[in-house]
Amino acid sequence: MKKFVALALLLIAGPALADDYASDRAQIENLMARYIFALDWQDAEGYAATFTEDGVLHSGAGAQKGRAALMEMVQKLRAQDDKRNAEDKSGKEGKPRARHEVTNIVIDVKGNTARAWAYWSHYNNRNAERSATFDSFGHYEDELVKQNGKWLFKERRVFNERFPARAATDQSPVPKN
Amino acid sequence: MKKFVALALLLIAGPALADDYASDRAQIENLMARYIFALDWQDAEGYAATFTEDGVLHSGAGAQKGRAALMEMVQKLRAQDDKRNAEDKSGKEGKPRARHEVTNIVIDVKGNTARAWAYWSHYNNRNAERSATFDSFGHYEDELVKQNGKWLFKERRVFNERFPARAATDQSPVPKN
Amino acid sequence: MKKFVALALLLIAGPALADDYASDRAQIENLMARYIFALDWQDAEGYAATFTEDGVLHSGAGAQKGRAALMEMVQKLRAQDDKRNAEDKSGKEGKPRARHEVTNIVIDVKGNTARAWAYWSHYNNRNAERSATFDSFGHYEDELVKQNGKWLFKERRVFNERFPARAATDQSPVPKN
């Protein structure tokens, strides 16, 4: 019986281990997508909820630490955009919008922590025709933690190729496999 | 023995439950990618096959319900493009092409149904140099069902930021977690 | 006892089979993202490591077969870019960069081999403002193998819509489901 238990555990653990990465990756990809919807629609609460309580964003605006600071940052972005849109003289119906795309997501998982790297690009339709204009790009470097079965950002660093001080170096940020 | 069976089932069910989301997400991501290849290459049959028999697409062309209507829509797109390409005076070899990119895929699964939200952007090379020109963007809101173990679109709604009547609202379409 | 073993194996195999696709897809997506980081940062070793020992890349530069040839190709790309950047007269601080985005990843797995199809698009900031300029797009057609539990490219074919000789045909490369 003991042998059988050991065998059964081995059989169960085999696929479970193999599938852990898929399971973690699926949740982290979903988190990254939720992050962007919240950012682009300036949903301050939804945005802050993708971070741990003490999560930190490092971006052009400096470091924002903790959910309260993260919410405030997004609320300010919304206020700025509302003001800019109110002053919009393009004469075209509807509001101009700006959006981020995230691709090339590399994720390394180690137990309840993970590191991730991904590309972002950004476009807007702030013009009379509301046609798409590509404007900037860069990459993210992330540290994530799994808390109560849920993956969250602990730290997200935003690199931006438009600004030399915030651009990537010559060496790929992704470590060797 | 009964205790062991219960324990074994628990052990098996644990990882299985944890992996269900990964499994569903993997299949839905693949479906979304197949949808785009079929749309951009105007493969009417392949496109319709990503929907349920009574699936509906809500787009700028109105609502297309059922696989026959969906196939007809894609066949018309192909005819339009063939005509436009035949009239192309750019003088450059090869045919102009247009493509969609899908990113930021949020998927919520509930048993055999799922809701999804994703970004799309669109570009073409309809110019003398066949260089890439970004033209429009928006998002999808989807309802999916799993039929005979296979995920399919039940309803897909296309939002397009080029047209105010089809643009997103100020509130993120993704519900709170 | 034998009956129970059979039942347990069935229960274990059920979810394991269902999750195999998710597991393989997660690893292949990660490989595809690692490929792009290595390509865009011109990390020759990291790039070659995404292929099997005898892996082949078919691109505008012809066929590169084997890790040594793949490394050499990337080293040459780096030398070309270093030279071009050294001669850059834009007067803007920082180096111009170019990046690829991969989306719409279709993956069909059959045991330890897989076929995949995906979109790529490309942009750069080789201008005085370091603003993003979209430049080209196409798709990949891949054959992959799982060696020692690790997915690798066996062959990757790059199609590019900028050059008629390397463009896609009118028929979607993705086979019927």
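Source: prediction; values computed, not measured. The analysis underlying the following values was restricted to heavy atoms, covering all of them including side chains, and did not include hydrogens, waters or symmetry mates.
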Pairwise distance NE2(A:His100) to OH(B:Tyr119) - rounded to 0.5 angstrom: 8.5 Å
Shortest non-hydrogen contact from B:Asn104 toward A:Ala33: C-CB, 3.4 Å
Atom group of B:Glu29 that falls short of 4.5 Å from chain A, counting heavy atoms: side chain
Contact class of A:Arg25 relative to chain B, heavy atoms under 4.5 angstrom: neither
Atom NZ of B:Lys146 with >12 non-hydrogen neighbours under 6.0 angstrom: yes
Between A:Lys95, A:Met32, A:Lys150, A:Arg99, the one whose heavy-atom pairs under 4.5 Å with chain B are most numerous: A:Arg99
Part of A:Thr103 within contact of chain B (heavy atom distance under 4.5 Å): side chain
Greatest number of heavy atom pairs closer than 4.5 Å to chain A - which of B:Ser136, B:Pro173, B:Ala26: B:Pro173
Atom CD of A:Glu45: over 12 foreign heavy atoms under 6.0 Å: no
Parallel, tilted or perpendicular, as decided by the 30° and 60° cut-offs, for the rings of B:Phe137 and A:Tyr123: tilted
Under 4.5 Å from a heavy atom of chain A, the part of B:Asp170 involved: both
Exam field: side chain B:Trp117 to backbone A:Arg34, donor-acceptor pair closer than 3.5 Å: no
Shortest non-hydrogen contact between B:Ala118 and A:Phe37, atoms and distance: N-CZ, 3.8 Å
Engaged part of B:His122 at the chain A interface, taking heavy atoms whose separation is under 4.5 Å: neither
Segment of A:Asn125 engaging chain B (4.5 angstrom heavy-atom cut-off): both
Minimum heavy-atom distance A:Glu101-B:Ser121, with the two atoms named: OE2-OG, 2.5 Å
Heavy atoms from other residues, nucleotides or ligands near CZ of A:Arg78 exceed 12 (cutoff 6.0 Å): yes
Closest non-hydrogen atom pair, A:Trp41 against B:Thr169: NE1-O, 3.0 Å
Interface moiety of A:Gln42 toward chain B, non-hydrogen atoms closer than 4.5 Å: neither
Atom group of A:Asn127 that falls short of 4.5 Å from chain B, counting heavy atoms: neither
A:Asn30 versus B:Ile105, closest heavy-atom pair with distance: OD1-O, 3.6 Å
Whether over 12 other heavy atoms sit under 6.0 Å from B:Gln75 CD: yes
NZ/NE/NH1/NH2 to OD/OE distance under 4.0 Å, A:Asp43 and B:Lys176: yes
